[in-house]
Amino acid sequence: MEKKEVKLIGSWSSPFAVRVIWALKLKGIEFEFIEEKDLMHNKSSLLVQSNPVYKRIPVLIHDGKPICESLNILEYIDEIWPHNRILPEDPYEKSIVRFWAKFTDEKLSEVLKNVLTSVGEDQEKKVKQFEDALNILESEMKEKKKKFFGGEENLGYLDLVLGAILWLEVIEEISYGKKIFDPERYPSFNRWIEEFKDSNIIKENLPTKDQISPYFRNIRKYVLASKTHE
Ligand SMILES: N[C@@H](CCC(=O)N[C@@H](CS)C(=O)NCC(=O)O)C(=O)O
């Protein structure tokens, strides 16, 4: 296939953007990373033009054409560069990982944002919702036959999506002040986290706390301030 230009608008603070970086790295695709510097107050015109509906990162730009929404981008990447497959080829297996990826984003990644931007009783409710999702995912982790959802050695689509859990530590620290994820309560999930963090592509492309914290601190400050003015 003729080589086409690949660009990614993203930020190291975003689990949705970093999962796309991981997928491109797993496939060995060269790309230009365009850091979105001020998502809160000053979105770039490239982002707004490329994702006019949601104006959110990540956006993959392939040969000038924008592709939005991280799960959609992961599927696109797997179709365009079919080596080192991240999605199963079997339609049933594929539907199962898509199901769990949607569950993860709706019940884990989005709820994590709600924990970040709430306080008191309201926050406790969000934490409880998050724990409910963790319990369900713990059962899935227990049932999994291989080390990763992609296979014994390979990371797959669902592994990359579940990687959002790595952002929890910063969120616990910034907004909750205590641990939500107790490794003893979720032993299978915890084993997966350790192995996932230890796999080469993830280890080499993991944002530091300093890359994540300022953005999340800002979101918390901004959302809490706007709630007190409601
Ligand atoms: N469902 C989206 C979520 C992306 C998302 O929430 N991106 C955040 C950064 S973590 C963003 O761009 N926020 C800016 C905004 O919502 O205005 C995806 O999977 O791509």
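None of the values given here were measured: they were computed from a predicted structure. Index from 1, following the sequence. Order of listing sets the numbers, starting from 1, for every ligand and every atom in it.
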Ignoring angles and geometry beyond distance, decide whether Asp105 reaches within less than 3.5 Å of ligand 1 through its nitrogen or oxygen atoms.
no
Any nitrogen or oxygen of Arg19, side chain or backbone, less than 3.5 Å from one on ligand 1?
no
Is the contact between Lys113 and ligand 1 made by the side chain, the backbone, both, or neither, using heavy atoms and a 4.0 Å cut-off?
side chain
Treat each ILVMFWY residue as a node, draw an edge where side-chain heavy atoms are under 4.5 Å apart, and state whether Leu8 and Tyr157 are in one component.
yes
To the nearest 0.5 Å, what is the distance between CZ on Arg19 and CD1 on Ile77?
11.5 Å
May I ask you to test the Asn205-Trp22 pair for a side-chain heavy-atom distance under 4.5 Å?
yes
Any N/O of Ser70 closer than 3.5 Å to an N/O of ligand 1?
yes
What's the spacing between Phe33 CZ and Ile21 CD1 if we round to 0.5 Å?
4.0 Å
Please determine, by modelled atom types, if Arg220 and Ser175 share a side-chain donor-acceptor pair under 3.5 angstrom.
no
Would Pro58 count as a polar contact of ligand 1, with the cut-off being nitrogen or oxygen pairs under 3.5 Å?
no
Taking the side chain as every heavy atom from C-beta outward, state whether Trp167 and Pro207 have any atom pair closer than 4.5 Å.
yes
Between Ile212 and Trp12, is any pair of side-chain heavy atoms under 4.5 Å apart?
no
Give the atom numbers and elements of ligand 1 that come within less than 4.0 Å of a heavy atom of Lys43.
14 (C), 15 (C), 17 (O)
Just which atoms of ligand 1 are under 4.0 Å from any heavy atom in Ser14?
9 (C), 10 (S)
What protein heavy atom sits nearest atom 7 (N) of ligand 1, and how far off is it?
Ile57 O, 2.9 Å
Proximity flag Tyr215 to ligand 1, non-hydrogen atoms under 4.0 Å:
yes
Per-residue contact class, Leu39 against ligand 1 - non-hydrogen pairs under 4.0 Å
side chain
What's the spacing between Leu24 CG and Leu74 CG if we round to 0.5 Å?
9.0 Å
For atom 2 (C) of ligand 1, the closest protein heavy atom turns out to be Glu69 OE1, 3.3 Å
